[in-house]
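Data first, discussion second: the structure below is written as structure tokens.
These values consider heavy atoms only, across backbone and side chains, with no hydrogens, waters or symmetry-generated copies. In what follows, chains are A, B, ... by sequence order, proteins preceding strands, each numbered from 1.
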Amino acid sequence: MKTEDIEPFFATLKAANPQPNTELEYTSVFELLAAVLLSAQATDVGVNKATRRLFPVAGTPQAMLDLGLDGLQGYIKTIGLYPTKARNLMQTCRILVEQHGGQVPRTREALEALPGVGRKTANVVLNVAFGQPTMAVDTHIFRVSNRTGLAPGKNPLEVEKRLLERVPAQYAVDSHHWLILLGRYVCQARKPRCWECAVAPYCDYRPKTPAS
DNA sequence: ATCCCGAGGG
DNA sequence: CCCTCTGGAT
């Protein structure tokens, strides 16, 4: 993607969705952290389905601890990787209670010290909960950034650095959501819907089979 | 590089 | 059947 195309690329995405947000459902920063932790290699639809039952009975770290490991597993068994996620989430709750007064920490270091929280999850919390201009490079953003030529890279960290360099400051916070939504609904992994993509004029990718 | 793993779609 | 989904830890 040419540098001069980057501004219109994001302006176009903004025009279609002026105030983007995550599609994960939550009513507190703790619920956001828990939802993002559970969303690894899972769809947000599937996560919401589970958390709509879980959060009313475990909306705080202490309530989650009171629920117990087996109790928590019962709520999230429909989500992939659930044994690992249940264990990590319980340990994370224990750390929140014992070391952070039951609150979600606001620094990258403290967030990444939580079990099950890596760079991507920390970036989502810093962006969505605390308004910081981070780039959480997930499967969608990695694919979209490479396909379009916006910020190509061999691994997520490389893509993240290029995004931070290339995305105009005015779009720094919201661009995260636009790229996710673009990847989820248009620039899909298997069959990208280029024929109905609003930013196709700025994109490097050309489909081999000009779908329909 | 490999393992963790359920649901939905093609 | 196979692939994908807002990854993280080893």
Considering only atom [atom1], compute the distance from [N] to [M] and round it to an integer number of Å.
N: B:dA7; M: C:dG8; atom1: P; result: 22 Å
N: B:dC3; M: C:dT6; atom1: P; result: 24 Å
N: C:dC3; M: B:dT2; atom1: P; result: 16 Å

Contacts of A:Y82 and A:K191 projected onto DNA chain B by closest heavy atom; the upstream (5') one is A:Y82
| query | Should the pair A:E165-A:R162 be classified as a salt bridge under the 4.0 Å nitrogen-to-oxygen rule? | reply | no
Under 4.0 Å between a Lys/Arg side-chain N and an Asp/Glu carboxylate O for A:R119 and A:E160?
-> yes
How far does CZ of A:F142 sit from CG of A:D138, to the nearest 0.5 angstrom?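 Here the rounded value is 11.0 Å.
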- request: Give a yes or no on whether A:R106 atom CZ has more than 12 heavy-atom contacts from other residues, nucleotides or ligands under 6.0 Å away.
  value: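 No, not enclosed.
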- Query: Base, sugar-phosphate alone, or nothing: which one does A:K49 contact when heavy atoms must sit under 4.0 Å apart?
  - Reply: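 If one applies the 4.0 Å heavy-atom cut-off, A:K49 turns out to touch the sugar-phosphate alone, with no base involved.
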**OP:** Answer with base, sugar-phosphate or nothing: what part of the nucleic acid does A:P83 contact at a heavy-atom distance below 4.0 Å?
**Re:**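 Sugar-phosphate only.
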| query | Looking at A:N127 and A:V173, what are the two nearest heavy atoms and their distance? | reply |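 Closest heavy-atom pair between A:N127 and A:V173: ND2-O, 3.1 Å.
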Hits for salt bridge (Lys or Arg N to Asp or Glu O under 4.0 Å) against A:R53, two or more places apart or cross-chain, chain-then-number order -> none
Q) Along DNA chain B, 5' to 3', what are the outermost nucleotides having an atom less than 4.0 Å from a heavy atom of chain A? A)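 Contact boundaries, 5' end first: B:dC4 to B:dG10.
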query = Are any side-chain N or O atoms of A:K85 and backbone N or O atoms of A:I76, one a donor and one an acceptor, separated by less than 3.5 Å?
reply =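 No; judged by distance alone, with no hydrogens or angles, the pair does not exist.
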Quick one: are A:T148 and A:Y205 in side-chain contact, heavy atoms under 4.5 Å?
no
The contact string for nucleotides 4-10 of chain C, one letter per nucleotide 5' to 3', using protein heavy atoms under 4.0 Å with B, S and - for base, sugar-phosphate only and none, comes out as SBBBSS-
